Amino acid sequence: MTKTSTAKSCVACGKALDGQPRMKDSQSRYWCMDCGAEDQRKKLMSSGGGNACGGCGEQFPAHQLSKFGSQRLCSGCIRTRTKGPGLKATLTGMFSGGGPANTGNLYKLLALMVVMIALVIWRYATL
């Protein structure tokens, strides 16, 4: 008895899917990865569950977006906005125009600030 194989093709675009990554829906129909993802996105949007992130513009279900200021953002955009570039990069950008050429001046300014804080602490400690 020989086994007959059925050709697997995408129901949306007709692309042959034998030996290729594919999706299978609840009705046992095959979808190529691109058409399957697009179909899922369309279903999400038509069900009213999709919302655009105010940062990246990607569509997400409503429960995956959080209020951040006046916008609704995905977790990736919130992480990007709250993490920031770090103290050294921020101070370098503030005091040297954003370039690394004046990093020495930045360190001098920070050293001066430390000395001034130490003087203030010493002054109040001797009162």
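Owing to the predicted nature of the structure, the values given are computational and were not obtained by experimental measurement. Note that the numbering runs from 1 along the sequence shown for the chain.
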Minimal heavy-atom distance between C53 and L73, with the atoms involved, is SG-CA, 3.7 Å

Can you sort out the partners of E38 under side chain to side chain donor-acceptor pair (under 3.5 Å), two or more places apart, ordered by chain and number? R41

Identify the heavy atoms of S66 and I78 that sit nearest to each other, and give their distance. CB-CD1, 3.7 Å

Flag yes if V11 and M23 sit in one hydrophobic cluster, no otherwise; membership is Ile, Leu, Val, Met, Phe, Trp, Tyr, and two members link when side-chain heavy atoms are under 4.5 Å apart. yes

Please enumerate all residues that pass side chain to side chain donor-acceptor pair (under 3.5 Å) together with Q71, with sequence neighbours excluded. R81

Short question: side chain of R22, backbone of Y30 - any donor-acceptor pair under 3.5 Å? no

Residue pair S9 / G14: nearest heavy atoms and the distance that separates them: CB-O, 3.9 Å

The criterion is side-chain contact (heavy atoms from CB on, under 4.5 Å); which residues satisfy it with A12, sequence neighbours excluded? C10, W31, C35

If you round to the nearest 0.5 Å, how far is CD of Q64 from SG of C74? 9.0 Å

In this structure, CG of D39 is separated from CG of D34 (nearest 0.5 Å) by 12.5 Å

